[in-house]
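These notes concern the structure reproduced below.
Residue numbers start at 1 and run along the sequence shown.
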Amino acid sequence: MEVLYNSTRSKGTPVKASEAILKGLSDDGGLFVPDHIPALDKSLKELSEMTYQQVAYEVMKLFLTDFTEEELKTCIERAYDSKFDTDVIAPLVEAEGAYYLELFHGSTIAFKDMALSILPHLMITSARKNHIKNEIVILTATSGDTGKAALAGFANVEGTRIIVFYPKNGVSPIQEKQMVTQKGDNTFVVGIHGNFDDAQTGVKKIFSDKELAKEMDGKGFQFSSANSINIGRLVPQICYYVYSYATLLREGKIADGEKMNVVVPTGNFGNILAAFYAKNMGLPIAKLICASNDNKVLYDFFRTGTYDRNREFMLTSSPSMDILISSNLERLIYRIAGNDADKNRELMAALSGQGKYEISADMKAALADFYGNYANEAETADEIKRLYRSCGYVIDTHTAVASAVYQKYLKETGDSNTKTVIASTASPFKFTRSVMNAIDAKYDAMSDFELVDELSKIANVTVPQAIEEIRTAPVVHDTQCDADKMKDTVKEFLHI
């Protein structure tokens, strides 16, 4: 059955998957959502006998219904190949009775690779299907990981250019080095003077600038997005939750149909929304555990039903979650409002105007599958140290937020019998200083790359290629701008 995509903000004409991927954002500023969530059409047993690539096809074919089997399989083949340092693509590692889903084995050692390895292929295929002659300009704001993963995915892809904005002082040194050393004639990286929300708001403003769109079209360009607002990012993320369950079933760790919990460290809400979609496809998920850091806007939302971004923005050791406007939450709000675009638009206007909104009691009741909590900086560091001392497993700061929140969930609910998958969203090598300082303060005297080698030694893990590559790589991007000059910077890069 065909899946079409509607905007969360108006009752316009639905579009096909390839059109939604190309546009990224609806003309009215809304996000594209499927008109229904399709059910898995393979049994859990059948899925448990498949490779990652085969599971990805079985999930994505249900959402991307205007792609042919050959088109979709070609995109998947090109995405999940030797760029990943393990054939299984997303391994599950058992530590202290929980299962850490390692989503960081791609070329930029963060979970964003799982979707951004395939998005360029989906986008180029979509452009071909829709007879697009313009060059596609990917415009992205990043809190650290999306930027590098998108740059790596789109670098030198014919018919595309990519512009990435990141908060100049809001990412880790390794994250920044990964971005500013990116090669590729079609890549452009800009550090903005502001935080991630400023970058994200600036990108959304550029997307909704009709005059600029007309100017761009005249010069043979059109914008699209690689952020998780693009449905082509969200759909591939559903796959790894299905695969994690299939792996547990194949390894005899879970019975067919037995429910599992999923814990996700969450900033922009896309990664946990993908788990929510997987649950609605029929994957046996019990609780969706939403883990926040000190920017606990989502924790407060699940607790009170009020989303309020009017608070101090905290810079933490888990910078990819330093977000006060969780863009993908809009897709969930639209759904729990009964797919009511008018109601959703009203709430988003309140967020934009007053910086907050409150959902109804009925909408709050529809969030029963979610559990929200947060871990502060001390708790995050303690969890890294505790887990390492307990079993020698080293996790990054974002995964530690999730792990610490899972410990709180256990204490609060006593639910220790439900098998639990924790989304491990980045390699500890991406945040070496924070990770090593958490294990022992003595490491603070070391340089960034000395820490990399020491981490490799104590964790007994090979230094990832992504880190080796940037040890001596020259900086090729050094542009900076104020948040209100982002549009001018884009026009300069495109010579318009």
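- With respect to the salt-bridge test (charged N to carboxylate O, under 4.0 angstrom), the residues Asp342 and Arg345 qualify.
- By the 4.5 Å heavy-atom criterion applied to side chains, Glu330 and Asn344 are counted as neighbours.
- Contact record, Ala341 with Ser7: CB-O, 4.5 Å, taken as the closest heavy-atom pair.
- Between the side chains of Arg331 and Asn328, at least one donor N or O lies within less than 3.5 Å of an accepting N or O.
- Annotation: Phe370 is in aromatic contact with Phe276 [ring centroid separation under 6.0 Å].
- The backbone N or O of Ser326 lies less than 3.5 Å from a partner atom in the side chain of Tyr307, making a donor-acceptor pair.
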List the steps, then state whether side chain to side chain contact (heavy atoms under 4.5 Å, CB included) holds for Val203 with Met486. CA-CA 8 Å; Val203 163; Met486 287 168 62; 3.9 Å; yes
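- For the pair Ser117/Phe84, a side-chain contact is recorded, criterion being any heavy-atom separation below 4.5 Å from C-beta on.
- Pairing each heavy atom of Arg233 with each of Pro236, the nearest pair is O-CD, 3.3 Å.
- For residues 268-281, the set of pairs meeting the salt bridge (Lys or Arg N to Asp or Glu O under 4.0 Å) definition, not counting sequence neighbours, comprises Lys279-Asp369.
- Taking the charged nitrogens against the carboxylate oxygens, Arg309 and Asp197 have no contact shorter than 4.0 Å, which rules out a salt bridge.
- Summarising the geometry of Phe431 relative to Ala426, their closest heavy-atom pair is CE1-CB, 3.8 Å, with the distance given to 0.1 Å.
- In this structure, Ser224 contributes its side chain and Leu22 its backbone to a donor-acceptor pair below 3.5 Å.
- More than 12 heavy atoms of other shown residues, nucleotides or ligands fall within 6.0 angstrom of atom NZ in Lys42.
- Interatomic distance, Phe313 CZ to Asp198 CG, rounded to the nearest 0.5 Å: 8.0 Å.
- Judged by distance alone, with hydrogens and angles left aside, the side-chain atoms of Asp308 form no donor-acceptor pair with the main-chain N or O of Lys356 at under 3.5 Å.
- Open room surrounds NZ on Lys259; 12 or fewer heavy atoms of other groups in view lie less than 6.0 Å from it.
- Using a 3.5 Å distance cut-off with no hydrogens or angles, the side chains of Glu71 and Thr125 do not pair a donor with an acceptor.
- Residues Tyr334 and Met348 form no side-chain contact, since every pair of their non-hydrogen atoms from C-beta on lies 4.5 Å or further apart.
- Taken from OG in Ser403 to CD in Glu96, the straight-line distance is 7.5 Å, to the nearest 0.5 Å.
- In terms of modelled atom types and a separation under 3.5 Å, the side chain of Thr397 and the main chain of Ser317 share a donor-acceptor contact.
- Side-chain atoms of Asn310 come within 3.5 Å of backbone N or O of Gln354 as a donor-acceptor pair.
- No side-chain donor-acceptor contact under 3.5 Å links Thr8 to the backbone of Gly30.
- Under 3.5 Å, the side chains of Ser360 and Asp362 contain no donor-acceptor pair of N or O atoms.
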Checking Tyr99 against Ile254 for the side chain to side chain contact (heavy atoms under 4.5 Å, CB included) test, could you report, in this order, the C-alpha distance in whole Å, the side-chain angles of both residues, the deciding distance, and whether it holds? CA-CA 12 Å; Tyr99 298 91; Ile254 204 165; over 6 Å; no
Run Asn6 and Asp35 through side-chain hydrogen bond (donor to acceptor under 3.5 Å, both in side chains) and show every step you take. CA-CA 6 Å; Asn6 296 309; Asp35 59 1; 5.4 Å; no
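- Lys204 and Ser327 are linked by a side-chain donor-acceptor pair at a separation below 3.5 angstrom, with hydrogens and angles left out of the test.
- Summarising the geometry, atom CG belonging to Leu298 is positioned 9.0 Å from atom CD1 belonging to Ile323; distances are rounded to the nearest 0.5 Å.
- Within a 6.0 Å sphere centred on CG of Asp256, other residues, nucleotides and ligands contribute more than 12 heavy atoms.
- Around atom NZ of Lys408, more than 12 heavy atoms belonging to other residues, nucleotides or ligands sit under 6.0 Å away.
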Take Glu102 and Tyr240 through the side chain to side chain contact (heavy atoms under 4.5 Å, CB included) test and state the conclusion after the steps. CA-CA 10 Å; Glu102 292 189 343; Tyr240 48 71; over 6 Å; no
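- Shortest non-hydrogen contact noted between Asn227 and Ala141 is ND2-O, 2.8 Å.
- Side-chain contact check for Thr399 and Ser424: at least one donor-acceptor pair (N or O, by modelled atom type) lies under 3.5 Å.
- Of the charged side-chain nitrogens involved, none lies within less than 4.0 Å of a carboxylate oxygen, so that Arg386 and Asp382 do not count as a salt-bridged pair.
- Distance check: Leu4 CG to Lys16 NZ gives 8.0 Å after rounding to the nearest 0.5 Å.
- The OH atom of Tyr80 lies 15.5 Å from the CG atom of Asp87; values are rounded to the nearest 0.5 Å.
- Donor-acceptor pairing under 3.5 Å is recorded for the side chains of Tyr241 and Asn271.
- Inspection of the Asn268 and Gln200 side chains reveals an N or O donor paired with an N or O acceptor under 3.5 Å.
- Asp340 places none of its side-chain heavy atoms less than 4.5 Å from the side chain of Met363.
- Contact annotation: the side chain of Val264 never approaches that of Leu288 to less than 4.5 Å [non-hydrogen atoms, C-beta and beyond].
- In this structure, Leu44 and Pro284 approach most closely via the heavy-atom pair CD1-CG, 3.7 Å.
- In this structure a side-chain-to-backbone donor-acceptor pair under 3.5 Å is missing from Ser26 to Leu31.
- Within the 4.5 Å cutoff, no side-chain heavy atoms of Thr247 are placed close to those of Val88.
- Taking CZ from Phe154 and CG from Leu119, the interatomic distance works out to 4.5 Å, rounded to the nearest 0.5 Å.
- A 6.0 Å sphere centred on CZ of Arg311 holds more than 12 heavy atoms belonging to other residues, nucleotides or ligands.
- Salt bridge present: Glu69 and Lys73 bring a charged side-chain N and a carboxylate O closer than 4.0 Å.
- Aromatic rings of Phe32 and Tyr5 (six-membered ring for Trp) have centroids beyond the 6.0 Å cut-off, not under it.
- Residues Lys430 and Gln178 have side chains in contact (heavy-atom distance under 4.5 Å, counting atoms from C-beta outward).
- Checking side-chain atoms of Ser48 against main-chain N and O of Lys45 turns up a donor-acceptor pair under 3.5 Å.
- The heavy-atom pair separating Val435 from Pro428 by the smallest distance is CG2-O, 4.0 Å.
- Using a 4.0 Å cut-off between charged nitrogen and carboxylate oxygen, Lys287 and Asp415 do not count as a salt-bridge pair.
- A side-chain donor-acceptor contact under 3.5 Å links Lys364 to the backbone of Arg303.
- Within the 4.5 Å cutoff, the side chain of Ser318 has no heavy atoms near those of the Thr380 side chain.
- No side-chain donor-acceptor contact under 3.5 Å links Asp113 to the backbone of Ala149.
- With 3.5 Å as the limit, one finds a donor-acceptor pair spanning the side chains of Glu412 and Tyr371.
- With 3.5 Å as the limit, one finds no donor-acceptor pair spanning the side chains of Thr316 and Asp294.
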